[in-house]
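For reference, the structure is listed below as structure tokens.
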Number of protein chains: 2
Amino acid sequence: MDFHTNVCIFAAKMTTITDIAAALGITPSTVSRALAGNPRVKEETRIAVQKKAEELGYEPNVVASNLRKGQSRIVGIVVPRIHREFFSNVIGGAENILNQAGYNVLICQTLESFDAEIKALKTLKNYRVAGVLLSHAINSMSGKHVKDILGSTPLVQFDRVFPDLPGAKIVGANCEGAYKATMHLIESGYRKIGTLAGFMTSQAYVERLAGYRMALEASGLPYDNSIVFYNTIVRETGYEAALKAIEAGCDALYSSGAFSALGAVDALKEKGFKGADEFGIVATSNEGFTGLMSPSLSTLNQHPFEMGEAAARAFLEGRVDTQVIPMELIIRQSSNKNNKWLK
Amino acid sequence: MDFHTNVCIFAAKMTTITDIAAALGITPSTVSRALAGNPRVKEETRIAVQKKAEELGYEPNVVASNLRKGQSRIVGIVVPRIHREFFSNVIGGAENILNQAGYNVLICQTLESFDAEIKALKTLKNYRVAGVLLSHAINSMSGKHVKDILGSTPLVQFDRVFPDLPGAKIVGANCEGAYKATMHLIESGYRKIGTLAGFMTSQAYVERLAGYRMALEASGLPYDNSIVFYNTIVRETGYEAALKAIEAGCDALYSSGAFSALGAVDALKEKGFKGADEFGIVATSNEGFTGLMSPSLSTLNQHPFEMGEAAARAFLEGRVDTQVIPMELIIRQSSNKNNKWLK
DNA sequence: AAATAAAATTCAAACGTTTGCACAAATTTT
DNA sequence: AAAATTTGTGCAAACGTTTGAATTTTATTT
């Protein structure tokens with residue numbers, strides 16, 4: 001059943017390589033070679049072919065070409081959610097690089113569903129894509145399914161990666177970033193620093209927690225599990241955790257996410273905190289809003305766009321190593337003791 | 001030259017329909033029909049084929065299938081920039097619907113370049129996509145090129161559309177939205193309302209300006225071109241225009257964009273304005289940051305996700321009409337006279 | 001039991017390219 | 001001038017699937 005019957009009844013017959021050949025009294029092979037710039041075809045006929053192709057409005061059928069060549073110029077990108085700021089930036093960066101290299105991107109979102117991830121990978125394999133850029137759904141527990149489905153298709157994992165899978169990996173400097181952020185709080189004079197930690201099923205959050213702990217221990221401060229608030233990544237849970245942190249006597253928080261930090265700010269405002277001299281916050285992820293809210297949030301910029309570019313380049317260059325994208329600490333009002341939140 | 005030589009030397013031979021046929025001593029045609037659920041193949045052999053397909057780990061080659069069928073299950077989406085909040089939401093909404101209908105999306109970004117738009121459309125045509133969802137680059141002046149390239153490929157334009165192109169169009173209720181926003185300012189008691197207008201080469205901005213004007217005239221207020229600030233869509237120009245608006249004695253602004261409104265807020269803060277009772281602002285586009293900044297911005301929500309869904313459905317249903325997605329006025333601090341900005 | 005109808009399968013071509021091999025023509029070498 | 005080389009084209013098969021028409025098998029009717 002054709003959905004588009006009412007739109008276009010007669011699909012315009014497109015001119016093929018064979019049409020060009022017929023018009024010039026030569027063979028499709030020669031036309032193919034001419035258009036491909038093969039040096040074994042005479043200059044003269046190459047010109048003639050190009051001219052005729054232009055004249056007939058020829059556009060190559062890449063589906064046929066891909067079938068014959070057994071490979072395509074499409075790279076699949078699998079992300080949990082396209083419209084999450086982090087991922088849309090990764091995609092934007094990757095598309096940019098891939099497009100320059102003559103590739104196009106086929107996008108699948110898993111909406112954090114493991115089953116959808118499997119389906120997406122199968123689809124991409126069925127399209128015989130040249131490679132896959134993948135960030136796992138949050139509830140994927142291992143990379144076994146990927147290997148089974150993708151087989152020999154080159155894979156680049158980014159952000160959420162599984163070490164048991166071969167191939168390139170692009171990850172944020174989670175541990176180092178968390179260390180830097182926590183150290184910044186310590187050096188600013190905060191003394192009881194809690195953390196809004198994420199899900200320990202995710203490597204990235206595990207590493208951030210580790211970095212937080214390392215900074216504390218390197219400074220001789222105690223690591224206190226009672227002020228580690230696990231599974232806190234959204235605004236609501238950030239708010240609740242922050243209330244508990246205040247109760248516990250914390251004077252600062254390192255947050256593994258940006259939205260949980262937003263919730264924490266809600267809690268601080270509600271409790272009458274007035275500035276970073278009273279309570280400091282540094283969040284991971286330099287989401288657009290963090291620089292615009294009040295107080296503006298100190299963050300770790302993960303450079304998602306650059307991460308996408310790195311993933312694309314890793315694919316293009318056939319790399320199989322792990323690259324760590326440094327996180328940049330951006331100090332704003334929420335951790336700047338000399339700066340009242342509301343000026 | 002194969003980039004991936006070091007990654008995978010032997011491309012795993014994938015099992016084909018022919019392999020299944022050979023294993024069962026039948027013909028590829030029967031296998032094809034069996035897998036397609038054609039009623040002309042015996043129940044018994046259909047089961048056998050499915051079993052063997054499973055056993056051999058068969059995955060269909062959709063490239064071959066597409067070539068033979070002369071159509072694909074890919075829909076191309078062309079946007080100026082993937083990682084702009086509005087577009088990433090449109091894409092997210094469209095992908096969701098299309099995926100449910102068995103389609104996948106190939107994404108191209110034009111980075112606002114007319115040439116890149118042409119290239120993207122050609123690429124999509126070369127892939128013989130089932131349809132194209134398109135939002136034009138800002139410097140495209142007409143839709144002629146689209147018709148020439150796309151031919152009979154179904155087209156759905158969204159947000160930035162050209163009326164001279166046939167096919168479905170999904171647009172925001174720009175005029176109505178601007179009217180509503182401006183009327184809200186008028187009803188709130190503001191008396192000299194300027195506007196941060198966009199580029200008049202873009203239909204959307206023209207309509208927003210028209211809606212602004214209609215509201216003024218419907219209320220007996222003068223339309224004063226000296227407080228219409230054209231080409232003002234980024235933070236910097238919004239800032240500068242707002243300074244002029246203040247100078248000109250305005251007490252409110254309707255902004256055609258969100259970032260220009262952000263710049264306007266910068267200007268107001270700098271000039272010592274303290275609340276919406278002194279100066280009101282309503283912006284178009286309910287970007288995420290608008291609800292989180294201080295003062296929170298009153299906005300018109302364009303419902304980009306729903307717009308993407310509508311575009312996808314328009315394609316699936318073969319519609320050729322124009323759908324108008326209503327804009328929802330969200331009143332926040334920036335236009336709420338009872339609410340000091342800084343509380 | 002022969003004739004007819006229905007059901008299941010096979011045959012072969014097609015989709016538009018690409019490419020190894022063969023071949024002819026033009027050019028260079030002996 | 002014959003032999004060897006280079007240069008440019010053509011031939012035909014292949015990529016993996018789908019599909020109209022032909023054919024075989026099975027079931028139903030006379």
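Given the structure is predicted, the values throughout are model-derived calculations rather than measurements.
Rounded to whole Å, the distance from CG on B/N61 to P on C/dG16 is 17 Å. Rounded to an integer number of Å, the gap from A/I20 CD1 to C/dG16 C1' is 12 Å. The NZ-P distance, from B/K69 to D/dT18, rounds to 6 Å in whole Å. Distance A/L24 CG to D/dG8 P: 17 Å, rounded to the nearest Å. Between the P atom of C/dA6 and the NZ atom of B/K42 lies a distance of 19 Å, rounded to the nearest Å. Following rounding to the nearest Å, A/I17 (CD1) and C/dT18 (C1') show an atom-to-atom distance of 8 Å. One interatomic measurement links the two molecules: CG of B/N66 to P of C/dT17, which rounds to 15 Å at whole-angstrom precision. Per the geometry, CD belonging to A/E59 stands 14 Å off C1' belonging to C/dG16, to the nearest Å.
Classification of A/K144 and A/D148 as a salt-bridged pair holds, one side-chain N sitting under 4.0 Å from a carboxylate O. One finds a salt bridge joining A/E55 and A/K52 here, because a Lys/Arg side-chain nitrogen approaches an Asp/Glu carboxylate oxygen to under 4.0 Å. The residues B/R81 and A/E95 are annotated as not salt-bridged, no charged nitrogen and carboxylate oxygen being separated by less than 4.0 angstrom.
The stretch residues 27-40 of chain A touches DNA chain D through A/T27, A/S29, A/T30, A/R33, A/P39, A/R40, each having a heavy atom under 4.0 angstrom from the strand.
Checking the phosphate oxygens (OP1, OP2) of C/dT17, a side-chain nitrogen or oxygen of A/Y58 falls inside 4.0 Å.
Here CG of B/N38 is found 10.0 Å from OG1 of B/T30. Values are rounded to the nearest 0.5 Å. Separation of atoms CG (A/L121) and OG1 (A/T110) is listed at 9.5 Å; rounding is to 0.5 Å.
For the pair A/A130 and A/P154, the tightest heavy-atom approach, listed with the atom from each and the gap, is O-CD, 3.3 Å.
Side-chain contact between A/R73 and A/N104 is absent, with no heavy atoms from C-beta onward closer than 4.5 Å.
Partner of B/V31 under the side chain to side chain contact (heavy atoms under 4.5 Å, CB included) criterion, out of B/T16, B/I20, B/D19: B/I20 alone.
Each of B/T18 and A/I26 was matched to the nucleotide of DNA chain D holding its nearest heavy atom; the match closer to the 5' end belongs to A/I26. Projected onto DNA chain C by closest heavy-atom contact, B/G25 and B/R68 fall at different nucleotides, the more 5' of which corresponds to B/G25.
The bend of the helix from C/dA1-D/dT30 to C/dT30-D/dA1, defined by the angle between the axes of its first five and last five pairs, stands at 50° to the nearest 10°.
Between the side chain of B/S140 and the backbone N or O of B/S142 there is no donor-acceptor pair closer than 3.5 Å.
Checking C/dT18, C/dA8, D/dG16 against every side-chain atom of A/L67, the shortest atom distance belongs to D/dG16.
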